[in-house]
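Scroll down for the structure; my scribbles are underneath it.
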Amino acid sequence: MTSYKEVRILILYDLPMSDTINRKHYIKFRKEILSLGCYLVQYSVYAKVLKNEIYYNSFITKLKQVMPEKGEVRVIKVTEKQYENMIFLSGAQNSHEKKISNKNIVVF
């Protein structure tokens with residue numbers, strides 16, 4: 001067993017789009033999470049693979065800094081096994097959703 005434990009996080013959000021200011025906040029938030037390395041799973045649901053708990057905590061800190069004042073943002077942390085067990089009732093896995101290897105990885 002290794003201490004190198006990758007996880008996926010899911011970011012789910014529902015932000016108001018009722019006026020121009022709210023739409024600007026929505027667009028800015030979406031661009032920020034993309035710049036943090038997240039990929040689109042489906043509308044208003046983004047994901048990211050993180051190396052371990054330290055990267056997870058760092059990501060959450062960065063996410064809190066770019067959150068808009070209004071709306072809802074949720075983060076779910078799941079293991080690779082849990083993510084693999086996701087059932088597609090409609091649609092299919094996208095190109096960003098590759099299985100994380102079970103092999104130990106050395107990072108320099």
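Predicted model only: the values in this text are computed from it and were never measured.
- For the atom pair CD1 of I11 and CD1 of I60, the computed distance is 7.5 Å after rounding to the nearest 0.5 Å.
- Rounded to the nearest 0.5 angstrom, L63 CG and E32 CD are separated by 10.0 Å.
- Using a 4.5 Å heavy-atom cutoff, the side chains of V75 and F59 are not in contact.
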Which atom pairs, donor and acceptor, lie under 3.5 Å between side-chain atoms of residues 14-30 and protein residues at least two apart or in another chain?
from, atom 1, to, atom 2, distance (Å)
S18, OG, N22, ND2, 3.1
D19, OD1, I21, N, 3.2
D19, OD1, N22, N, 2.8
D19, OD1, N22, ND2, 3.3
R23, NH1, M17, O, 3.0
R30, NE, Y46, OH, 2.8

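- Here the straight-line distance linking atom NZ of K48 with atom CD1 of I33 works out to 11.0 Å at 0.5 Å rounding.
- The distance from atom OH of Y83 to atom CE of M86, rounded to the nearest 0.5 Å, is 3.5 Å.
- Considering CE of M67 and CD of E72, their distance stands at 10.0 Å, rounded to 0.5 Å.
- Atom CD1 of residue I9 and atom CZ of residue R74 lie 15.5 Å apart, to the nearest 0.5 angstrom.
- Counting only distance, with no hydrogens or angles, the side chain of S58 and the backbone of Y55 share no donor-acceptor pair below 3.5 Å.
- Contact record, I76 with L12: CD1-CD1, 3.6 Å, taken as the closest heavy-atom pair.
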